[in-house]
Amino acid sequence: MANTMTSNRPYLVRALYDWILDNGMTPHLLVNADWKGVEVPREHVHEGRIVLNIGPSAVQTLQLGNQAVEFSARFSGVARTIHLPIAAVMAIYARENGHGMVF
């Protein structure tokens, strides 16, 4: 019998996303933009990181999957598709007060 388990990160991201929204706040992700497979607007990357608002009013078709976070959003008026391998997510937190979790 194997004792290995899948990563708990996607489950925690989903739970914290719901918790942040339930408290009337805005969920943001801190992402390692240099991680393999990350697809984000490079012009918004600072020191290898990007902060993304993933609140319902900021994104469309949000999918918080076990392998990746995916959504569409507008950056400077241009629609973009965002793909984030779950391992690239460094933190999820509420914009208003910083409460959340760092991975």
Side-chain angles (χ1 to χ4, degrees):
M1 181 163 107
N3 290 328
T4 61
M5 296 178 71
T6 59
S7 171
N8 63 7
R9 188 175 303 198
Y11 300 91
L12 294 169
V13 167
R14 286 191 292 269
L16 288 164
Y17 174 84
D18 288 341
W19 174 68
I20 291 166
L21 289 181
D22 286 352
N23 281 277
M25 299 196 182
T26 311
H28 278 58
L29 295 179
L30 174 63
V31 178
N32 177 349
D34 294 331
W35 195 271
K36 182 180 179 182
V38 169
E39 297 173 22
V40 296
R42 300 307 299 178
E43 64 272 20
H44 296 284
V45 172
H46 181 68
E47 296 181 358
R49 298 178 180 174
I50 188 168
V51 174
L52 299 165
N53 176 351
I54 59 167
S57 64
V59 302
Q60 295 179 339
T61 64
L62 177 65
Q63 295 179 27
L64 299 172
N66 286 348
Q67 301 303 315
V69 174
E70 297 178 322
F71 59 90
S72 297
R74 292 194 171 276
F75 294 83
S76 304
V78 178
R80 303 287 295 265
T81 298
I82 306 302
H83 177 85
L84 313 167
I86 199 70
V89 176
M90 301 168 67
I92 181 169
Y93 62 92
R95 175 184 65 201
E96 293 80 0
N97 62 13
H99 290 201
M101 182 176 285
V102 175
F103 301 104

M90 reachable from V38 in the ILVMFWY side-chain graph, under 4.5 Å edges: no
Minimum heavy-atom separation for I82 and P41, please, with both atom names. CD1-CD, 3.6 Å
Against R14, only a single residue in I92, V69, L64 fulfils side chain to side chain contact (heavy atoms under 4.5 Å, CB included); can you say which? L64
With no hydrogens and no angle check, just 3.5 Å: does a side-chain donor-acceptor pair link E70 and T61? no
Kindly determine whether F71 and L84 satisfy side-chain contact (heavy atoms from CB on, under 4.5 Å), including the steps that lead there. CA-CA 9 Å; F71 59 90; L84 313 167; 4.3 Å; yes
For atom CD of Q60, decide whether the heavy atoms of other residues, nucleotides or ligands shown that lie under 6.0 angstrom number more than 12. no
Determine, using the 4.5 Å side-chain heavy-atom cutoff (strictly less than), whether I54 and L12 are members of one ILVMFWY cluster. yes
Between R74 and A79, which heavy-atom pair has the shortest distance, and what is it? NH1-N, 3.5 Å
Would you name the heavy atoms of S72 and T81 that are closest together and state the gap between them? OG-OG1, 4.0 Å
Spacing of CG belonging to D34 relative to CD belonging to E47, to within rounding of 0.5 Å: 11.0 Å
Step-by-step side-chain contact (heavy atoms from CB on, under 4.5 Å) determination, R95 to N53: CA-CA 8 Å; R95 175 184 65 201; N53 176 351; 4.1 Å; yes
Indicate yes or no for a side-chain donor-acceptor contact from R42 to the backbone of A33 under 3.5 Å, with no hydrogens or angles considered. yes
Which heavy-atom pair separates P27 from L21 by the least distance, and what is that distance? CD-CD2, 3.7 Å
Hydrophobic cluster membership, with links at side-chain heavy-atom distances under 4.5 Å among I/L/V/M/F/W/Y: are V40 and F103 in one? yes
Does any part of the side chain of R49, heavy atoms only, come nearer than 4.5 Å to the side chain of L30, both counted from C-beta? yes
Return the CG to OG1 distance between N97 and T26, rounded to the nearest 0.5 Å. 10.0 Å
Any idea how F75 and H44 line up, ring-wise: parallel (<30°), tilted (30 to 60°), or perpendicular (>60°)? tilted
Closest heavy-atom pair and its distance - P10, G65: CB-O, 3.5 Å
According to a hydrophobic-cluster definition based on side-chain heavy atoms being under 4.5 Å apart (Ile, Leu, Val, Met, Phe, Trp, Tyr only), do W35 and M101 belong together? yes
Can you check side-chain contact (heavy atoms from CB on, under 4.5 Å) on T6 and N66, steps first, answer last? CA-CA 9 Å; T6 59; N66 286 348; over 6 Å; no
Determine, stepwise, if the pair Y17 / L29 fulfils side-chain contact (heavy atoms from CB on, under 4.5 Å). CA-CA 10 Å; Y17 174 84; L29 295 179; over 6 Å; no
Find out if a path of hydrophobic residues (ILVMFWY) with successive side-chain heavy-atom gaps under 4.5 Å connects L16 to I86. yes
